[in-house]
**Q** 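The structure that follows is given in the form of C-alpha cells.
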Amino acid sequence: MAEEKVKIEFYPLDIDYDSKGVISLFGKRVNGRKIIVRDNGFKFHFYILGENLDDIRKRLEFIELPNVNYQVLRTEMCKMNFFDKPVDALKVYVNHPAAARYIQQEFDGIQIKEADINLGKKYLIEKNITPLFLCAAEGYLTRIKNVEVLENAKVNAVEDKIVENLKIFAVDIEVYGFTGSFENVKEPIISIAIKGDGFDKVLTWREFSGKPDYAEILENESEMLKRFVEIIKEDMPDYIVGYYSDGFDFPYLKARADKLNVRLNLGLDNSELKVRYGIGNKARIIGIPHIDVCKFVKTTMDESLKLDAYDLNSVSKELLKESKHEMTLEEINNAWDNHDLEKLCKYNLQDAYLCLEIFKKIKENLHELVRLIGISPFELARLSYGQLVENYLIKRASEFNEIIENKPPNHEIAERRLDTYQGAFVMEPKPGLYDDVVMLDYRSLYPSIIVSKNISPSTLNKNKGNKTPAILIGNKENVYYFDDNRKAFIPSIIQEIITRRQRIKEILRNDPDDPILKARSYALKTLANSAYGMFGFFGARYYSRECAESITAFGRDCIQKTIERAREDGFNVVYSDTDSIALVLGDKHLKDAEGFLARVNKELPEFMELEFERYYSRGIFVGKKGNTRGAKKKYALIDGKGNFKIVGFETVRKDWSLIAREVQKRVLETILREGRHENALVYVKEMIAKINNKEIENKKMVILTQLKMDIDEYRQIGPHVAVAKKLREQGFEVRSGSLIRFIIQDGKGMIRDKAVIPEMCKKGCYDSEYYVNNQVIPSVQKIFEIFDVNLEDSENEQKSLGEF
DNA sequence: AAGCTACGGGG
DNA sequence: GTGTACGTAGCTT
C-alpha cells in the first residue's frame, strides 16, 4: 500500500459494503478516471426502545456477542420521536448491522429500530453524500488491476454539483431460438451489440459477407462473451443500460457464461455479474450502475407516458419518434442458419441505439430522483412507488428527530395482504363513440388529501379531527378521524414536496423547457404520488390500512362531487377513474369546460386543483363482455393531431393471434379517425372472408403461450399443453418456461385436439371457424356492440351469402 | 359456473 | 434482504 496520503475529488456512482462493514464508493474522479473509495471508519447505529434503558446500556458496555465478529462500539441515551410521540431511546453504535440481531436475542422485551436500514443507505444519509454529486476523499492510493483504489478514506460531500460527461453503453443481445427458460440454456447467444456515443460495436461468431465496420467476428460464443467483458473493462462506461435487461439480456448472458465456463467479471472491483431470477429480478454489476430502461420507464415514467404497451418499439415511437428495424424471430434464426448476418447486426445495433437514446431522454428524471432520495441510481431505478417515499422518509427522518419504524415481519405481511379495502372510484362508462372528449384530472389528488386532512398513522384518532366520509368496513359503515391540531412528520414532508413543486412550476412558467426543472418537478410529483401507495403497500414500514382507505374515501367523495357538479352544469360525463373525468362537450365548447374548471377550483382547499389534461376529438368506450354496462379502463381516444391512445384492449398480447390483434387495432383506429363504423365493418367482413377463403398466411394465425409448469404437473390440459405433449413425443425438450407456438387446425374435438405445431400446419389448413369466432370476432365484438352491430349475425349472413 | 391458467417485457 | 405483480380473460371441467 502506498504510504502517502492523497486528496481527490470524485462523483460516486455506486455503493457497496462488505461483511466487515467497509463501505466502497465506486466513482468517477474529476479527471475522468474511475476510482473505488473505501471507508472503514463508518459506525452504524440503531435505537433501542423499551423499559430500563439505563440497565441495558450498562450491560451493553461489557457485552460479548455470541458472534465475535460483531461488537458494540458506543452507546448514548437520547430523546427522540417515534410516530410523532416523544420517546427515550438508547442509541447503539456497532461495527455491523448484523450485531443488532444478537443484541435482540440477549434482551427480552426490547424493541430494536433502524437496524434493518441498509448500511450503505445509512452511510450516505449520515455523511450527507448524494450519489452522482461531487465528493472529496482523503486516503491512500493503490489499485486493483487497472482501477485506482483509495483505501482508509475519509469522505465528505463537497457541493451541489452533478457528474457530467457520463459515458453510457447500451447493451442488447440476440439469441438463436430462445425457448423461454434460463435453466440449462442450450440456445446460443449469436450477437451482442454495444452502443455508446461515438461507439458502435456488434460482436458475433460467424463469418458473413457485407460485414459492417462495427461488426467483430469472434471464434465462438465463449470468445464473444470474453470479448464483451474485455470491452467493458477497457472502456469502463459510467452506466450500462439495456431494455428489459434485468429480465432477459443479463440473465441470459449469465446463463450462457455459466454453461460455457466464462467469468463475467464485469464489476469495477472485478466481481462477477450478479443476477437474481424470477419476479423482482435484477442484474447487478458492482461499481457500474446497470439500468433496465424498460423497468424504469414502466414503473417511474408511467404517469407521464400512459402507454398501453411498453415494448421497445412503442416506447421508442413515443419518446424518440423512431422505430425498431423489422425482423421476425424466424428471420433472426434464418439469418444465423444462412450465415447472412448483415441485417441482423444492423437490427441488433438499432435496438441498442434506441435503448441508449431512450435512456438519455429519461436520465434527468432518474438523476433528479437520486438527488431527492439520495440512494444509488441502480437501486433507485428499481424502486416501486411505495418504496420511493419510504426511502425519502428515511432520509429526512433525522430532521424531525424521528426514529424509523421497522419493516414488517413476514407473518404480518401475510396478514396485511389479506386485509383489503375499497379503492378508487371508477365509473362504468356508457358504451359509445363520442365526439369532443375533454379529460380533466386532479393534480396530485391523493397527496393533497394527505396534506389537507393531515393523514398519518400517528394522527389517526377515535373521535375528533378531520372526519372521513362513511367507509364500508365489513358490512357496517364507519368513519375515521385525523387529528388536526398537530402537524405529523409524514404529511409535513408531503406538504413540503408539494410546495417545492409549486415553486418549481412557477419558475417553469417563464422557462417551460428547462429540462432539469421539468425533471425535478416530475420527481417531486412522483414522490408525492407514491405516499398513498406506501400506506397501502403490505411491505411498507408505514403501512396503514386506515390511512389508505381514508385517502381513497376522501378521493371518491371528491371525484363524485366533481361529476355531480359537471352534470349540473350540463356536461355529459362519460367516464371517470380515480382522479380524472371525461366530459363530452356536446353543444358546449372548450371555453365552457374551462369555465367549469375555474369554478371548481375556486371552491377547492388550498392544496387541491382540478387541471385540464387534454382535448380529444373522439373517444370509444366499450362494454364488458356479456354485459351491457361499461367496461372499466377500456377505451381508445384520438387527439386533434391524429395520435391514438388505446387503453385496456388486448391489442398487445401474444396469446392472441396476430390476425386478431391487427384487426382490433385497425378497427379502433378506423372508427376513431372516421367517426363512423361502416368502413370498419366492411374491413372486418373482408378479413373474415379472407380467413374463410384461406387467404391469410399461417404466420398470422400463430398463438404463443408459455408453459408455466412442467407438462405433467398440469391438471387442466389447455391447447398449449396438448401441443407441448406432442412436441415431447417427437423428442423435443419441453419444460417449464418453454414458449409453445401453435395453430388451431381444421378438425374435430376440443380446441386442444386441433392445436398443432405451426410447422405441421399446411397452408390454408387453419381452422377458419376458430379464428373467426374465437379470435377475430371477440376482439372487435365489444366495439361493434356500440353501433348495435352483432358480428355473429353478420358473419352468418356472410356465410350464407358465400354459399350462394 | 367455477377452477385453472395465462398475459406483461425480452428472443 | 425477498416476493411469484394483479386485474382480466379464455379454455376445460
**Q** Just to be sure I understand the rule, does A/Asp292 reach a base, reach only the sugar-phosphate, or reach nothing, if contact means heavy atoms closer than 4.0 Å?
**A**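 Here A/Asp292 touches no strand at all.
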**Q** Assess whether one donor atom and one acceptor atom, taken from the side chain of A/Lys282 and the base of C/dT2, lie less than 3.5 Å apart.
**A**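 Between C/dT2 and A/Lys282, which were checked side chain against base, a qualifying N/O pair under 3.5 Å is present.
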**Q** Does A/Tyr714 have a side-chain nitrogen or oxygen under 4.0 Å from the phosphate oxygens OP1 or OP2 of B/dG3?
**A**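 It does not, given that no N or O in the side chain of A/Tyr714 lies less than 4.0 Å from OP1 or OP2 of B/dG3.
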**Q** What I want to find out is whether A/Asp116 reaches A/Lys407 closely enough, with some N-O distance under 4.0 Å, to be called a salt bridge.
**A**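 Between A/Lys407 and A/Asp116 there is no salt bridge, as every charged N stays at least 4.0 Å from the carboxylate O atoms.
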**Q** From CG of A/Asp246 over to C1' of C/dG3, roughly how many Å is that when rounded to an integer?
**A**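 In whole Å, C/dG3 C1' lies 15 Å from A/Asp246 CG.
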**Q** Taking N and O atoms by type only, does the side chain of A/Gln716 place a donor or acceptor under 3.5 Å from a partner on the base of C/dC11?
**A**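 Indeed there is one.
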**Q** Is any N or O donor-acceptor pair between the side chain of A/Tyr244 and the base of B/dG9 shorter than 3.5 Å?
**A**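 Result: at least one qualifying N/O pair found.
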**Q** Counting heavy atoms from C-beta on, name the nucleotide in C/dG10, C/dG3, B/dG10 closest to the side chain of A/Trp656.
**A**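 For the A/Trp656 side chain, the nearest candidate turns out to be C/dG10.
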**Q** Send over the distance from A/Phe537 CZ to C/dG3 P, rounded to a whole Å.
**A**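 Atom-to-atom, A/Phe537 to C/dG3, this comes out as 12 Å.
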**Q** Does A/Asp351 reach a base, just sugar-phosphate, or nothing at all? Heavy atoms under 4.0 Å.
**A**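 The answer is sugar-phosphate, as A/Asp351 gets under 4.0 Å only of primed atoms, P, OP1 or OP2.
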**Q** Given atom CD1 of A/Ile740 and atom C1' of B/dG11, what is their separation to the nearest angstrom?
**A**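 So the two atoms are 15 Å apart, to the nearest Å.
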**Q** Taking only side-chain N and O atoms of A/His720, does any of them lie within less than 4.0 angstrom of OP1 or OP2 on B/dA6?
**A**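 Yes, such a contact exists.
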**Q** From the list B/dG11, B/dG8, C/dT12, which nucleotide is the closest neighbour of the side chain of A/Lys298?
**A**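 The closest nucleotide is B/dG8.
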**Q** Of the options B/dA6, C/dC6, B/dG11, whose atoms approach the side-chain atoms of A/Phe538 most closely?
**A**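 From the listed options, C/dC6 comes nearest.
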**Q** Roughly how far apart, to the nearest Å, are C/dT2 and B/dG9 at atom P?
**A**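 Per the computed distance, 28 Å lies between those P atoms.
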**Q** Could you state the atom-to-atom distance from CD of A/Gln664 to P of C/dA9 in whole Å?
**A**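 About 11 Å, once rounded to whole Å.
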**Q** Using atom P of each nucleotide, how far apart are B/dC7 and C/dG3 to the nearest Å?
**A**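 That atom pair is separated by 23 Å.
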**Q** For the pair made of CG in A/Leu707 and C1' in B/dC4, what is the distance, rounded to whole Å?
**A**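 Spelled out: CG on A/Leu707 to C1' on B/dC4 is 14 Å.
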**Q** To the nearest angstrom, how far is A/Gln706 atom CD from B/dG8 atom P?
**A**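 Result: 8 Å.
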**Q** May I ask you to check whether A/Glu174 and A/Tyr347 show a side-chain donor-acceptor distance below 3.5 Å?
**A**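 Side chains of A/Glu174 and A/Tyr347: no pair found under 3.5 Å.
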**Q** Verify the contact: side-chain N or O of A/Asn774 to OP1 or OP2 of C/dC11, cut-off strictly under 4.0 Å; return yes or no.
**A**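 Affirmative; the distance criterion is met.
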**Q** Quick one: A/Asn348 CG to B/dG11 P, roughly how many Å, whole number?
**A**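 Atom CG in A/Asn348 sits about 8 Å away from atom P in B/dG11.
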**Q** CZ/A/Arg556 to OG/A/Ser576 distance, rounded to the nearest 0.5 angstrom?
**A**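 With rounding to 0.5 Å, CZ (A/Arg556) is 12.5 Å from OG (A/Ser576).
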**Q** For the side chain of A/Glu174 and the base of B/dG11, is some donor closer than 3.5 Å to an acceptor across the two?
**A**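 Not at all, since no donor on one side and acceptor on the other fall under 3.5 Å apart.
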**Q** Among C/dT13, C/dC11, B/dG11, which is the nearest nucleotide to the side chain of A/Met750?
**A**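 The closest nucleotide is C/dT13.
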**Q** Name the closest nucleotide to the A/Arg752 side chain, picking from C/dT12, C/dG3, C/dC11.
**A**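 Nucleotide nearest to A/Arg752's side chain: C/dT12.
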**Q** Could you work out which one of B/dC7, B/dT5, C/dG1 sits closest to the side chain of A/Tyr17?
**A**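 The answer is C/dG1.
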**Q** Between B/dG9, B/dG11, B/dA6, spot the one nearest the side chain of A/Lys708, thanks.
**A**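 Minimum distance to the A/Lys708 side chain belongs to B/dA6.
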**Q** What interatomic distance, in whole Å, is found between C1' of C/dT4 and the corresponding atom of B/dT5?
**A**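 It works out to 14 Å between them.
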**Q** A/Asp172 near the nucleic acid: base, sugar-phosphate alone, or nothing, with a heavy-atom cut-off under 4.0 Å?
**A**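 A/Asp172: backbone/sugar contact only, no base atoms under 4.0 Å.
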**Q** Counting heavy atoms from C-beta on, name the nucleotide in C/dT12, B/dC7, B/dG11 closest to the side chain of A/Thr705.
**A**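 Nearest to the side-chain atoms of A/Thr705, counting from C-beta on, is B/dC7.
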**Q** Which listed nucleotide (B/dG9, C/dC11, B/dT5) is nearest to the side chain of A/Arg715?
**A**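 In terms of side-chain proximity for A/Arg715, the closest of B/dG9, C/dC11, B/dT5 is B/dT5.
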**Q** Would you please classify the geometry between the A/Phe250 ring and the A/His290 ring as parallel, tilted or perpendicular, with 30° and 60° separating the classes?
**A**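 Because their plane-to-plane angle is over 60°, the rings of A/His290 and A/Phe250 count as perpendicular.
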**Q** Between A/Phe208 and A/Asp340, is there a side-chain heavy-atom distance shorter than 4.5 Å?
**A**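 Contact flag for A/Asp340/A/Phe208 side chains = no.
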**Q** Checking all strands, does A/Lys324 fall into the base, sugar-phosphate, or nothing category for heavy-atom contacts under 4.0 angstrom?
**A**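 Answer is sugar-phosphate: A/Lys324 comes under 4.0 Å of backbone atoms only.
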**Q** Take the angle between the ring planes of A/Tyr771 and A/Tyr766 and call it parallel below 30°, perpendicular above 60°, tilted in between.
**A**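 A/Tyr771 vs A/Tyr766 ring planes: perpendicular.
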**Q** Which of the following nucleotides, C/dT12, B/dG11, B/dG9, is nearest to the side chain of A/Ile751?
**A**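 Of the candidates, C/dT12 comes closest.
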**Q** Are A/Asp753 and A/Lys748 within salt-bridge range, i.e. N to O under 4.0 Å?
**A**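 A/Lys748 and A/Asp753: not salt-bridged.
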